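First the structure, in the form of structure tokens, and then the observations on it.
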There are 2 protein chains.
Amino acid sequence: MKDIADAVGVSTMAVSVVLSGSGNQKVSVSPAKAERIRQVAKELRYRPNQNARSLKTRRTNQVAVVFQHFSELGPEHPYHIQVLNGVTSALFPAGYAMTLCPRIIIDGDAFSMSDGRFDGVLWCRPEFDSESLEAISSAGVPVVMMHVPPGLMSGVPTFCADNDGAMRQVVQHLVSLGHERIAFVIDPVSVKSVEGGARNHALTRAAQQAGIPKPGLVVLGRDHSILTRYAEKDAPHTALVCFSDELAGFVLQSCDRMGVEVPRDISVIGFDSSKFCEGTKPRLTSVNQPVDRMAQAATNHLLSLIHDDERGLPRSPMACCLYDCALDVRESTGPPRAH
Amino acid sequence: MKDIADAVGVSTMAVSVVLSGSGNQKVSVSPAKAERIRQVAKELRYRPNQNARSLKTRRTNQVAVVFQHFSELGPEHPYHIQVLNGVTSALFPAGYAMTLCPRIIIDGDAFSMSDGRFDGVLWCRPEFDSESLEAISSAGVPVVMMHVPPGLMSGVPTFCADNDGAMRQVVQHLVSLGHERIAFVIDPVSVKSVEGGARNHALTRAAQQAGIPKPGLVVLGRDHSILTRYAEKDAPHTALVCFSDELAGFVLQSCDRMGVEVPRDISVIGFDSSKFCEGTKPRLTSVNQPVDRMAQAATNHLLSLIHDDERGLPRSPMACCLYDCALDVRESTGPPRAH
DNA sequence: TTGAAAGCGTTACCAT
DNA sequence: ATGGTAACGCTTTCAA
């Protein structure tokens, strides 16, 4: 900056005002000099140092996104991808960069989100411990969370699927087919997550409302032998509602391997209704969760909070945003086997 | 920092040395005081400001990844996901964050990669203009590129699939099935990319070596009517080699719509051999490009360059790294229709 | 072993 | 309209 200032014959301040485009009203530079400054800056290939700028302005135009296990990224896990799509579609047009930060994602050091590098944080970890909870509520920057059911986090805006509504549709669909004994299938990791519990309870409530027996809970670890039970005539359940499409795909594979035919012997339902559902045999009935829309809306809300803070305005009081889910009926559900 | 220093009764320097973990040898702090400093820092919930730290050290522990069209992210485009997986698997354990920067990705402002926010850049845009070329070669930070065939970029390390080897396998497979008249199918965007041209030429060379006629070039825009030609008896080509799996999937759809049966009427080959290939009907024969491995290796190389620069060592002279591809034969290729 | 002080590159206040 | 100057929070050299 000093080189430019010297070359043009002005102070560094003038250069700053012209090139930062901060619209500083207290200081103005004549159009001629401004043009000359821009010209020299180009000649000298001047690149503003963002670190210095951020240090001074306390704004980085960078937002952190926190996932749980990033290694799970892949076509079987369209979730991450949908989130990334939603986030970037909101972030990029606004000129914000998105960063995936190992200190938070891998090391679990949630406090590092307040280290000055981020204007805001989008928290997409479905599971979080007390330490991250403290970090979130005492964060120096706006935080928006996804997949946290209403009433669990106070003071942090939340974007979540309407699990109750979704499960009501699931139960209605199954009941209309003739099912009565259903179970919720979940993996050991998700069962500990907030949304895992929420969906399980939602299914239970929906079943209760529909007047069918309380759904079972199957935590599916490495040992899938439990599935053999569903091949028997006195199988405890005739329909399995899975926490995710991936898990449902897993169940389908296991069924196939064990000679259990879907949906003749048992019905299977997934969650997310990703393109993955189109590729399974049979095609997977699944709850359609608008993850990309949710992520986009969450990101836009985060941006507005950042904006509020920046201007000293009170933050928007929005607490929780619930998203309707639809049930995409495909071929993995059908009437239960006659006895 | 000053608060901590005052509370403990030392200077800010002592705090810095203890908490930054920079292993400063010129200065040492007694273990007792060091412990006390750490303790007070915790009590005061001290969070080091990364911007200030970066401003001083000129290191951010952040790496930028540049894609072409991020909006294409999705299950049909496993490419981006594979790259992200490879990149993060190398970056995160090393403590580096990954950022997707709109100024480069959307606005195309390649010069912003030298704005001090990144220790290095992984360039994954298959297409690049002269301006970005200048930005890349004059970048203040190490840059590593993917998908640039050997000999095209000097001074910038490159990680690329062995397109020649891949196309040799493709041609061998097709010839062994009895094909002689083949064509390369590509979209209007990729045809202008470096790797698009490289693959086209690779196919041509491989065909020449195998002694079959020079392959045709089909640029598939919105108008897919060209495919109708392949339904006729005197079809010009009996096999289509596509630039990407997505494009091949598109071709399969068009064939289906037009009553062209694959592989009876025509053989189709994709590129990437993503999981997408398992979901198509018929399952897609495709070149298996180890994108995640390439991305991981490219990232590791970038990290080593950063390391070299940091220590003032000469940069590794590695210029180009070529990756073997395999042909995954599935059901979209078969003998050509008898006349 | 410790403290004082000089920057890092930028922005913004307060004078002229 | 313009120029000096003090921060921003941290690291690091130098002197004690």
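The sequence lines fix the lettering, A, B, ..., with proteins before strands; numbering per chain opens at 1. None of the values given here were measured: they were computed from a predicted structure.
The CZ-C1' distance, from A:Arg47 to C:dT10, rounds to 16 Å in whole Å. Atom CZ in B:Arg117 sits about 17 Å away from atom P in C:dG9, given to the nearest Å. To the nearest angstrom, P of C:dT2 lies 14 Å from CZ of B:Arg36. One interatomic measurement links the two molecules: CG of B:Asp6 to C1' of C:dG3, which rounds to 13 Å at whole-angstrom precision. A:Met1 has its CE atom 13 Å from the C1' atom of C:dC8, to the nearest Å. Taking atom CG of residue B:Asn61 and atom C1' of nucleotide D:dT11, one finds them 15 Å apart after rounding to whole Å. As a whole-Å value, the separation of A:Leu55 CG from C:dG7 P is 17 Å. Computed from coordinates, the A:Asn51 CG to D:dC8 P distance equals 18 Å when rounded to whole Å.
In this model, a side-chain donor or acceptor of A:Lys56 finds a partner on the base of D:dA7 within 3.5 Å.
Of the candidates D:dC10, C:dG9, D:dT12, the closest approach to any side-chain atom of A:Ala52 belongs to C:dG9. Of the candidates D:dT12, C:dA12, C:dT10, the closest approach to any side-chain atom of A:Tyr46 belongs to C:dT10. Out of D:dG3, C:dG9, D:dT12, the shortest distance to the side chain of B:Met13 is found at D:dT12. Proximity note for B:Lys33 (side chain, C-beta onward) versus C:dT11, D:dG4, C:dT2: the nearest is C:dT2. Taking the side chain of A:Ser16 as heavy atoms from C-beta on, and the options D:dT11, C:dT11, C:dA4, the nearest nucleotide is C:dT11.
The existence of a salt bridge linking A:Asp119 and A:Arg59 is confirmed by a sub-4.0 Å separation between a basic side-chain nitrogen and an acidic carboxylate oxygen.
Contacts of A:Arg59 with the nucleic acid, taken as non-hydrogen atoms under 4.0 Å apart, are absent. Residue contacts shown for B:Ser30 are limited to sugar-phosphate atoms, with no base heavy atom under 4.0 Å away.
Counting only N and O atoms by type, the side chains of B:Asn51 and B:Ser54 include no donor and acceptor under 3.5 Å apart.
Under a cut-off of 6.0 angstrom, the local environment of CZ in A:Arg47 is crowded, with over 12 non-hydrogen atoms contributed by other residues, nucleotides or ligands. Residue-environment remark: CD (B:Glu131) stays at or below the threshold of 12 foreign heavy atoms within 6.0 Å.
Using a 4.0 Å cut-off, some side-chain N or O of B:Arg58 falls inside it from OP1 or OP2 of C:dG9. Residue B:Arg53 places at least one side-chain N or O closer than 4.0 Å to OP1 or OP2 of D:dT11.
Atoms CZ and NE2, on B:Arg315 and B:His301 in that order, are 9.0 Å from each other to the nearest 0.5 Å.
Closest-nucleotide positions on DNA chain C for B:Val10 and A:Lys2 were compared, and the one nearer the 5' end corresponds to B:Val10.
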